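The model shown is predicted, which means the values in this text are computed figures rather than measured ones. What's counted below: heavy atoms across the whole structure, side chains too, no hydrogens, waters or symmetry copies.
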Amino acid sequence: MNMEPTTQAIRPEAAASAPAPANCVIEARNLDLTFQTNDGPVHALKDVSLEINKGDFVSFIGPSGCGKTTFLRCIAALETPTGGSLSVNGMTPDEARRNRAYGYVFQAAGLYPWRTIAKNIKLPLEIMGYSKAEQEKRVNQVLELVELSGFGGKFPWQLSGGMQQRASIARALAFDADILLMDEPFGALDEIVRDHLNEQLLKLWARTNKTIGFVTHSIPEAVYLSTKIVVMSPRPGRIHDVIDSTLPKERPLDIRDSPEFIEIAHRVREGLRAGHGDD
Amino acid sequence: MKSLVAVLTVLAAIIAFWYAACVPMNIKGVLDQVERAGVEVTPATAKERRDRGEIGLVAQNTFAIGDTWVQERPRLPAPHQVAVELWETTVEKKITSKRSLIYHAQVTLSATLLGFAIGTGLGILLAVGIVHSRVMDMSVMPWAIVSQTIPIIALAPMIIVVLYSIGVQGIIPKAVISAYLSFFPVVVGMVKGLRAPDAMQLDLLKTYNANTNQGFWKLRLPSSMPYLFASLKIGIAASLVGAIVGELPTGAVAGLGARLLAGSYYGQTVQIWSALFAAAILAAALVALLGLIEKVVLNRMGVRA
């Protein structure tokens with residue numbers, strides 16, 4: 001397994017030289033990423049520029065192949081852009097990764113089946129060298145945060161899919177990263193569970209004040225959760241529209257029936273349709 | 001209950017087949033014997049019987065069928081003869097006796113376990129190297145595969161001669177042959193097991209900025225456990241075969257292999273078969289023991305029962 005830092009094509013100076021607002025945590029400028037595949041080059045990201053401010057809840061929405069996950073992975077330094085500049089907390093993504101600037105939640109919970117829920121949440125803490133007492137404290141804290149108190153001693157298979165995904169969110173929250181990157185975390189769950197988790201996630205966001213990047217292909221989910229919705233379109237993956245939500249921070253589930261919500265959802269849908277127009 | 005009936009039916013069929021096979025296998029020997037004792041048989045002389053088919057002889061001399069199961073040195077001993085020999089050489093002999101199968105099994109077992117330990121250790125080390133180094137993957141794996149294409153019966157005498165010439169004898173050469181056979185399944189299983197974590201699992205560790213060491217102990221090694229146990233079960237059986245084969249070319253005086261060899265020198269087929277069964281029972285016990293350890297370990301790892 002190669003965990004050495006990969007060579008970075010982006011220079012932090014380039015990002016730093018541009019004037020950015022003081023509270024901007026993630027900044028992408030003219031980001032490009034081309035994958036070399038056996039079928040020739042694939043243009044995954046083209047000319048993506050975006051600023052994410054501290055405390056933002058940003059959703060990335062678009063059809064498959066639009067590069068939303070790839071962009072998230074670039075922020076996490078799991079992919080290396082081939083052009084443009086990207087800075088996370090004023091550093092290159094790879095420096096930010098090594099500074100443990102973000103927690104990442106994958107589409108699947110990916111809990112270790114041989115560890116209990118508590119031990120799973122301890123995994124990053126063990127790797128980062130937290131003391132035993134601190135580990136205990138944090139596990140209890142985040143279990144409470146995702147409403148899983150009392151389930152620490154259970155093994156993953158004893159929990160439902162939704163509970164497993166909450167445990168994986170708890171794992172990403174356990175250490176002090178102020179950015180939370182989530183790649184379709186609720187994609188595999190049914191609608192009722194998803195609604196509940198969306199509500200919980202908003203509360204959690206309000207309590208922790210984290211900056212959240214959230215990939216989804218559900219329009220209601222994106223509108224309900226976000227302060228900023230990034231609509232992307234495919235081939236090549238690019239940003240089609242950025243919508244700043246006018247919804248209040250306090251959002252009960254029935255806000256989804258309000259005219260304001262429907263209007264934003266409509267604009268997202270229009271954006272997605274227009275983005276699809278060229279194929 | 002239903003499955004018990006099925007199992008017993010299969011067992012009964014095997015034993016019935018075995019008894020049936022004893023009749024044509026042993027008929028010529030029986031007829032020679034009774035002819036010498038003055039009983040009239042058809043055809044009358046051994047010379048005439050030599051080229052006759054066994055089934056025909058049985059049909060012509062049905063009176064001799066019973067005797068085919070109680071010969072002293074049959075070509076194929078009957079099941080009860082093997083069972084009696086097993087009983088006499090395990091339960092009724094003192095363990096220290098040279099004729100006790102327990103004594104011989106214990107000699108072979110110690111070489112098996114030593115070889116298994118060496119083979120497993122070597123196999124795990126090679127697998128760790130192969131998974132972490134592309135160079136090792138390309139340079140070691142082909143040789144590991146080639147090593148298993150050489151018949152062990154051809155290689156065993158050479159290993160023993162080479163080791164003897166540098167002054168190594170006794171249990172070690174047998175253990176080396178054992179290890180030679182058992183390292184391979186462990187390498188293959190462990191490489192597969194250590195590579196079992198998917199890309200997402202590896203990405204997750206990367207987001208924690210975990211190093212290779214942490215990745216190994218926290219993810220790769222625990223993921224490989226089910227694969228390791230599957231390999232160990234194959235490995236221990238191979239180890240036992242290796243130890244027995246290692247006893248054959250040395251003219252060893254102790255061990256199940258020696259017992260097989262002595263039996264074939266003196267035409268003691270009952271002894272050969274009981275040694276074979278002792279080896280099979282030993283192998284089954286070792287595999288069962290590993291299965292038990294596997295169950296305990298995987299249970300403690302929280303695997304669903």
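One finds the CG atom of B:Asn213 at 11.5 Å from the CD1 atom of A:Ile127 (value rounded to the nearest 0.5 Å). To the nearest 0.5 angstrom, A:Lys122 atom NZ is 11.0 Å from B:Lys218 atom NZ. To the nearest 0.5 angstrom, B:Thr207 atom OG1 is 9.0 Å from A:Leu181 atom CG. Separation of atoms OH (A:Tyr112) and CG (B:Leu219) is listed at 4.0 Å; rounding is to 0.5 Å.
Crowding of B:Ile281 atom CD1: a count of heavy atoms from other residues, nucleotides or ligands under 6.0 Å exceeding 12. The neighbour count for A:Lys54 NZ, taken as heavy atoms of other residues, nucleotides or ligands under 6.0 Å away, is above 12. Residue A:His43 places its NE2 atom among more than 12 non-hydrogen atoms of other residues, nucleotides or ligands, all under 6.0 Å distant.
If you tally non-hydrogen atom pairs under 4.5 Å between each of A:Met128, A:Arg100, A:Arg115 and chain B, the highest count goes to A:Arg100. Per-residue counts of heavy-atom pairs under 4.5 Å with chain A were compared for B:Gln201, B:Arg300, B:Met225; the largest is that of B:Gln201. Of all the listed residues (A:Gly110, A:Pro156, A:Pro124), the one sharing the greatest number of non-hydrogen pairs under 4.5 Å with chain B is A:Pro124.
Contacts between A:Tyr104 and chain B at a heavy-atom distance below 4.5 Å involve backbone atoms as well as side-chain atoms. At a 4.5 Å heavy-atom cutoff, the contact between A:Ala108 and chain B is made by backbone and side-chain atoms alike. With a 4.5 angstrom heavy-atom cutoff, A:Pro113 touches chain B only via backbone atoms.
Using a 4.5 Å heavy-atom threshold, the side chains of A:Leu78 and B:Lys206 count as touching. Annotation: side chain of B:Ser223 is in contact with side chain of A:Trp114 (closest heavy-atom distance under 4.5 Å).
A ring pair (Phe, Tyr, Trp, His ring centres under 6.0 Å) check over residues 178-211 of chain B, counting only residues at least two apart or in different chains, returns the pairs A:Phe175-B:Tyr208. The list of ring pair (Phe, Tyr, Trp, His ring centres under 6.0 Å) pairs with a residue in residues 137-156 of chain B, not counting sequence neighbours, is empty.
With hydrogens and angles disregarded, no donor-acceptor distance shorter than 3.5 Å links the side chain of A:Arg98 to the backbone of B:Asn209.
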